[in-house]
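Here is the structure we will look at.
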Amino acid sequence: MGQSQIELKARLFCLKDRPFLLALIAPAPNIHRKNCFTLGAKDCYFYAMEERFYREQEIARLPDFLPAATYNLAHTLLARAGQCLFVPIRSLQYMAVLDAEEFIFVDSQNKAWVELAWQHFRPQSRSALDERVPFEVVHYAPQAAETMKRLPGEFHKALRVLAERDLPQQDAHVLPLVRPPRPE
């Protein structure tokens, strides 16, 4: 069987008393540690790491629909994270890795092997933001069909948990817009 390889380079942000955040970065030869200056946290370091995922031959490709709430939340979190987002789905012992092109899912027992992927999202086909989004489910392992029975619901729950962890730490403020006086 042929296989293809996906290589993700990710940056792990270890913020004091905050959850880890991961974002895609340019290739880095080894792990680096250096100071990271942010307004939100002191003693912040970032680590470059490399994650590799492999795929077997595609077994099946099926059309499906993703609920709007799940699609919108996933892309909101992805926009906050950068180019890549890791979402642990603890109830299934899976990890979802999201980028702009696809969402891949790996089992904790076979960490480097993609079991299934969600690809070719078509949000432009919907006429309102609260409509479901068509996409394709690609199966790379025989158990992928069984996994898909629970995955959409558990994935949405995992996204909500991730969103709740990253709530703003400060209250919102309305800034007054002051016009300068007109010259006479």
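Because the structure is a prediction, the values reported are computed rather than measured.
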Next on the checklist: Applying salt bridge (Lys or Arg N to Asp or Glu O under 4.0 Å), can you list everything that pairs with E146, at least two apart in sequence or on another chain?
Outcome noted: K149

Checklist entry - Within a radius of less than 6.0 Å around CZ of R126, do more than 12 heavy atoms belonging to other residues, nucleotides or ligands occur? => result yes

Next on the checklist: If the condition is ring pair (Phe, Tyr, Trp, His ring centres under 6.0 Å), which residues does Y94 pass it with, not counting sequence neighbours?
Outcome noted: none

Checklist entry - By side chain to side chain donor-acceptor pair (under 3.5 Å), which residues pair with S127, not counting sequence neighbours? => result E131

Item to check | Residue pairs, two or more places apart or on separate chains, that pass salt bridge (Lys or Arg N to Asp or Glu O under 4.0 Å) and touch residues 69-79 | outcome: none

Item to check | Considering all heavy atoms, the nearest I89-A96 contact | outcome: CD1-CB, 4.1 Å

Next on the checklist: Keeping S108 on the side-chain end and Q93 on the backbone end, is there a donor-acceptor pair under 3.5 Å?
Outcome noted: yes

Checklist entry - For the residue pair F121 and H75, does the interplanar ring angle fall in the parallel (under 30°), tilted (30 to 60°) or perpendicular (over 60°) class? => result perpendicular

Next on the checklist: Checking H120 now: which residues fulfil ring pair (Phe, Tyr, Trp, His ring centres under 6.0 Å) with it, not counting sequence neighbours?
Outcome noted: none

Would you tabulate the side-chain donor-acceptor contacts of residues 59-70 under 3.5 Å, counting partners in other chains and residues two or more places apart, or write 'none'?
unit_1, atom_1, unit_2, atom_2, d
R61, NE, E58, OE2, 3.1
R61, NH1, Q119, OE1, 3.1
R61, NH1, E136, OE1, 2.7
R61, NH2, E58, OE1, 2.8
R61, NH2, Q119, OE1, 3.3
T70, OG1, H156, ND1, 2.9

Next on the checklist: Less than 4.5 Å apart, side chain to side chain, heavy atoms only: is that true for L77 and L159?
Outcome noted: yes

Checklist entry - What pairs with A141 under side-chain contact (heavy atoms from CB on, under 4.5 Å), at least two apart in sequence or on another chain? => result E115, Q143

Checklist outcome for this item: Hits for ring pair (Phe, Tyr, Trp, His ring centres under 6.0 Å) against Y140, two or more places apart or cross-chain, chain-then-number order -> none

Next on the checklist: I'd like to know whether the aromatic ring centres of F105 and F155 sit less than 6.0 Å apart in this structure.
Outcome noted: yes

Item to check | Near-ring test W118/Y71, centroid separation under 6.0 angstrom | outcome: no

Checklist entry - Does atom CD of Q124 have more than 12 heavy-atom neighbours, drawn from other residues, nucleotides or ligands, at distances under 6.0 Å? => result yes

Item to check | All side chain to side chain donor-acceptor pair (under 3.5 Å) counterparts of T76, not counting sequence neighbours | outcome: none

